[in-house]
Amino acid sequence: MYIYYPSCNFSAASPATAKKVKAYFEKQMPVAGCCRVDKREISPADIALYICQACRETLEDKVKTQSMWEYLDALKDFNFPNLNGQKFYVQDCWRDRNHPEIHEAVRSLLKKMHAEVIEIEHNREKSIFCGNLHYETDDPRLKNYPNTPLYKLPEDLQTSLMQHYAAQFDPQIPVLCYCNRCYECLRMGGATAVHLLDIAFSER
């Protein structure tokens, strides 16, 4: 049995879509609370359906997991919007670098929505970015903050780093994200970031 685990971070970032997604899945399967505190009993046959990579990391030692993107891609009767050839950069998340099934599902969903994918240099397993959780950069300013996580750096430095990463994107072309942290931090950097779940549920 599938159990849907909503993402607290996505719910905060996009509450209207989060409500649509929850309403849709309440008709299909049980909907859990926060992955960190939900106390439901889990059987060996259960599969946790997740949006957020942090949820996956919390759940994967307790239950089988599957990404939202693989699940949606397998549906035969989901009403996807027609994007009429709109172009998107695809920002693959560093935390998904070892999950080629997610890379394929995301691109398959965009194809079903009649969108055009623009691949960036550091894509798929080569991703170097997960917002202010992980960004592989040789910015000399970081030498002043040894062993300091990016999200604990001064806010102006975080913003500057995100701006540096976002500068590779044409602002006229949206950057499609399927990671909450990538999405929020690309917006912090000034990119025209959009979340795949917002797009997929836009006509519901």
When you measure from the side chain of [X] to the backbone N and O of [Y], does any donor-acceptor pair fall under 3.5 Å?
{"X": "Lys87", "Y": "Ile118", "value": "no"}
{"X": "Asp46", "Y": "Ser43", "value": "yes"}
{"X": "Ser108", "Y": "Glu104", "value": "no"}
{"X": "Tyr89", "Y": "Asp170", "value": "yes"}
{"X": "Thr192", "Y": "Pro171", "value": "yes"}
{"X": "Arg107", "Y": "His103", "value": "yes"}

- request: Would you indicate whether Glu121, at its atom CD, is surrounded by more than 12 heavy atoms from other residues, nucleotides or ligands within a distance under 6.0 Å?
  value: no
- prompt: Is it the case that more than 12 heavy atoms not belonging to Lys64 sit under 6.0 Å from its NZ atom?
  reply: no
Cluster check [X], [Y]: I/L/V/M/F/W/Y, side chain < 4.5 angstrom:
{"X": "Tyr165", "Y": "Val90", "value": "no"}
{"X": "Leu75", "Y": "Ile199", "value": "yes"}
{"X": "Ile102", "Y": "Leu197", "value": "yes"}
{"X": "Ile3", "Y": "Val21", "value": "no"}
{"X": "Ile173", "Y": "Val175", "value": "yes"}

So which atom in [X] and which in [Y] form the shortest heavy-atom distance, rounded to 0.1 Å?
{"X": "Asn132", "Y": "Cys185", "answer": "N-SG, 3.3 Å"}
{"X": "Gly33", "Y": "Asp38", "answer": "N-OD1, 2.8 Å"}
{"X": "His134", "Y": "Ile128", "answer": "CD2-O, 3.4 Å"}
{"X": "Pro30", "Y": "Arg40", "answer": "CB-NH1, 4.0 Å"}
{"X": "Cys55", "Y": "Pro6", "answer": "SG-O, 4.3 Å"}
{"X": "Met162", "Y": "Met188", "answer": "CG-SD, 3.6 Å"}

For the atom pair [atom1] ([X]) and [atom2] ([Y]), what is the distance rounded to the nearest 0.5 Å?
{"X": "Phe129", "Y": "Cys93", "atom1": "CZ", "atom2": "SG", "result": "9.0 Å"}
{"X": "Glu101", "Y": "Ser67", "atom1": "CD", "atom2": "OG", "result": "6.5 Å"}
{"X": "Trp69", "Y": "Leu196", "atom1": "CH2", "atom2": "CG", "result": "4.5 Å"}
{"X": "Gln91", "Y": "His122", "atom1": "CD", "atom2": "NE2", "result": "10.5 Å"}

Ring centers of Tyr5, Tyr50 separated by less than 6.0 Å: no
Taking the side chain as every heavy atom from C-beta outward, state whether [X] and [Y] have any pair of such atoms under 4.5 Å apart.
{"X": "Gln168", "Y": "Ile120", "result": "yes"}
{"X": "Tyr178", "Y": "Ile51", "result": "no"}
{"X": "Asp198", "Y": "Val194", "result": "no"}
{"X": "Pro154", "Y": "Tyr145", "result": "yes"}
{"X": "Phe80", "Y": "Glu203", "result": "no"}
{"X": "Val117", "Y": "Phe88", "result": "no"}
{"X": "Glu136", "Y": "Trp94", "result": "yes"}

message: Run Asp73 and Lys112 through salt bridge (charged side-chain N to carboxylate O under 4.0 Å, His left out) and show every step you take.
response: CA-CA 9 Å; Asp73 190 39; Lys112 289 177 179 179; 2.9 Å; yes
Is it true that the side chains of [X] and [Y] contain a donor and an acceptor less than 3.5 Å apart?
{"X": "Arg95", "Y": "Ser127", "result": "no"}
{"X": "Gln163", "Y": "Ser160", "result": "no"}
{"X": "Asn98", "Y": "Glu125", "result": "no"}

Residue pairs involving residues 184-204 (criterion ring pair (Phe, Tyr, Trp, His ring centres under 6.0 Å); sequence neighbours excluded): Phe10-His195, Tyr24-Phe201, Phe78-Phe201, Tyr183-His195
message: Would Arg56 and Asp96 count as a salt bridge (charged side-chain N to carboxylate O under 4.0 Å, His left out) here? Give the steps.
response: CA-CA 10 Å; Arg56 179 181 68 214; Asp96 286 328; 2.6 Å; yes
task: Go through Phe25 and Tyr2 one step at a time and tell me if the ring-ring contact (aromatic ring centres under 6.0 Å, His included) criterion holds.
output: CA-CA 10 Å; Phe25 282 108; Tyr2 279 100; 8.9 Å; no
message: Holding to side-chain hydrogen bond (donor to acceptor under 3.5 Å, both in side chains), I want the full list of residues that pass it with Arg204, two or more places apart in sequence or in another chain.
response: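 side-chain hydrogen bond (donor to acceptor under 3.5 Å, both in side chains) check on Arg204 returns nothing, list empty.
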- request: Run the salt-bridge test on Arg187 and Glu184 with the 4.0 Å N-O cut-off and return the result as yes or no.
  value: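 Yes.
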